[in-house]
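Note that the structure is a prediction, hence the values are computed from the model and not measured. Quick note on labels: first sequence line is chain A, next is B, and so on, each numbered from 1.
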There are 2 protein chains.
Amino acid sequence: MVQEAMVELRSQGYKVTRSRRLVMEVLDKVDKPLSPYDIQRLLQQQGESLNHVTIYRTLDLLCRLNLAHHMLLTGGFIRCALSHQGGCHRFMVCRGCGSIREFIDDALCHEESGITRDLGFHTEHHYSESLGLCPDCYRKRLEKDSTYN
Amino acid sequence: MVQEAMVELRSQGYKVTRSRRLVMEVLDKVDKPLSPYDIQRLLQQQGESLNHVTIYRTLDLLCRLNLAHHMLLTGGFIRCALSHQGGCHRFMVCRGCGSIREFIDDALCHEESGITRDLGFHTEHHYSESLGLCPDCYRKRLEKDSTYN
DNA sequence: CAACTAAATGCAACAATGTTGCATTTAGTT
DNA sequence: AACTAAATGCAACATTGTTGCATTTAGTTG
Ligand SMILES: [Mn+2]
Ligand SMILES: [Mn+2]
Ligand SMILES: [Zn+2]
Ligand SMILES: [Zn+2]
């Protein structure tokens, strides 16, 4: 919810402003990675105008507070879905609908750290994106395939 | 080696050109992620001039052939170090010196796929970057720390 | 509630990065 | 040496990202 993010902002000493609420609302609603200019365009369409500089600065802040994430394979920003303890970020990215789901798995981090340690590397945290199909898109794909069989 | 990459180019029906050799040479030499314009600047410094459009097109091609990779946390391009069977890409990124080392681990992929499958997701391949310290930087860090103790 | 102030925003100007169409050049072939 | 598809360069353009500074505003204080 946007509400909780605003509480987090305030508790960290940042002001709750129109810009910050609007950006969070768009990210919440869309649930796909959005670039700063994407966000500006979407807001425009709903009659709200925000300077792109403000959007950049807002996204910077949201990411610093782990209220949003910068997706790397796809390049946009999404709403953070988990409460963050460690610094490891893992995502499933659906190549069908573009939706993204965040997850955490300590055992996996542990295994990955072990592998890199064996190669002499001292890992502090991980970033990973798994590319594939979400349940919906997988089902649709199966249906479509069976149509032609 | 650049030589092998050129052989690969030719065997795939692409021409071996000055641009392609130069871009590969820079990537080989530097071993850190370089942006297209980084590459242009480095070449400039050694008296070689390449149009930035050509560099973009060259990097596109090298990536399509898995002769280079586009790094996501850091944003630049690096030389591919492994022969690619599957589509999974994993890297260790040193936050000390910026160097990058590529690795592959089937067991890890298997585990990660299992975790996402339990969440209803059908994973096709993975991309991950482990952030930490390479052996050299880790050693240096230890030495520096002991200086002040 | 009115005054106050540090923080946030907007604006303008700029810098960097990335894309497209088309004329020219060139690698590899005949 | 001639040929040709592929690659390059160039120009023009589009998009994305950054900085300094004047103005506005959220949250606080009296
Ligand atoms: Mn998160
Ligand atoms: Mn590789
Ligand atoms: Zn989907
Ligand atoms: Zn290092």
> Crowded around A/Gln46 CD? As in, over 12 foreign heavy atoms under 6.0 Å?
Replying inline: yes

> Do B/Arg41 and B/Asp38 sit within salt-bridge range, that is, some charged N less than 4.0 Å from a carboxylate O?
Replying inline: yes

>> Assess whether a salt bridge exists between A/Arg90 and A/Glu129, defined as any Lys/Arg side-chain N lying under 4.0 Å from an Asp/Glu carboxylate O.
In response: no

Among [options], which nucleotide sits nearest the side chain of [X]?
X	options	result
A/Thr17	D/dA26, D/dT16, C/dT19	D/dA26
B/Arg10	C/dT19, C/dG28, C/dA7	C/dG28
A/Tyr56	D/dA7, C/dG18, D/dT18	D/dT18
B/Thr54	D/dG9, D/dG27, C/dG28	D/dG9
A/Ser19	C/dT9, C/dT19, C/dC11	C/dT9

> When you check the side-chain N and O atoms of A/Ser128 and B/Glu112, is any donor under 3.5 Å from an acceptor?
Replying inline: yes

> Would you say the side chain of B/Arg57 and the base of C/dG18 hold a donor-acceptor pair, judged only by whether the two atoms sit under 3.5 Å apart?
Replying inline: no

> Going by modelled atom types, is there a donor-acceptor pair between the base of C/dT9 and the side chain of A/His52 at under 3.5 Å?
Replying inline: no

> In the hydrophobic clustering that connects Ile, Leu, Val, Met, Phe, Trp and Tyr at side-chain heavy-atom distances below 4.5 Å, which members other than B/Tyr37 occupy its cluster, ordered by chain and number?
Replying inline: B/Tyr56

>> Please find the pair of heavy atoms, one from B/Gln40 and one from B/Leu50, that lie closest to each other, and give the distance.
In response: NE2-O, 2.8 Å

From [atom1] of [X] over to [atom2] of [N], roughly how many Å is that when rounded to an integer?
X	N	atom1	atom2	value
A/Asn51	D/dT16	CG	P	15 Å
A/Leu22	C/dT9	CG	C1'	13 Å
B/Met6	C/dG28	CE	C1'	16 Å
A/Ile55	C/dG10	CD1	P	9 Å
B/Asp60	D/dA6	CG	C1'	16 Å
A/Arg21	C/dA8	CZ	P	14 Å
B/Leu9	C/dT26	CG	P	19 Å
A/Lys15	D/dA26	NZ	P	8 Å

>> Centroid separation under 6.0 Å, is that true for the rings of B/Phe91 and B/Tyr127?
In response: yes

> Starting at the 5' end of DNA chain C, which residue's closest nucleotide do you reach first, B/Val16 or A/Leu61?
Replying inline: A/Leu61

> Pick the nucleotide of DNA chain C nearest each of B/Tyr14 and A/Arg18; which residue has the one closer to the 5' end?
Replying inline: A/Arg18

> Does A/Val53 or B/Ser49 map to a spot on DNA chain D nearer the 5' end, using the closest nucleotide for each?
Replying inline: B/Ser49

> What orientation do A/Phe77 and A/His70 show, parallel under 30°, tilted 30 to 60°, or perpendicular over 60°?
Replying inline: parallel

>> Once you measure the plane-to-plane angle for B/His122 and A/Tyr138, does it fall in the parallel (<30°), tilted (30-60°) or perpendicular (>60°) bin?
In response: parallel

> For C/dA8, does OP1 or OP2 lie under 4.0 Å from any side-chain N or O of A/Arg20?
Replying inline: yes

>> With heavy-atom distances below 4.5 Å as the criterion, would you say the side chains of B/Thr17 and B/Leu22 are in contact?
In response: no

>> With the threshold set at under 4.0 Å for non-hydrogen atoms, list the residues of residues 29-45 of chain B touching DNA chain D in residue-number order.
In response: none

> Between the axis at one end of the helix from C/dC1-D/dG30 to C/dT30-D/dA1 and the axis at the other (five pairs apiece), what's the angle to 10 degrees?
Replying inline: 30°

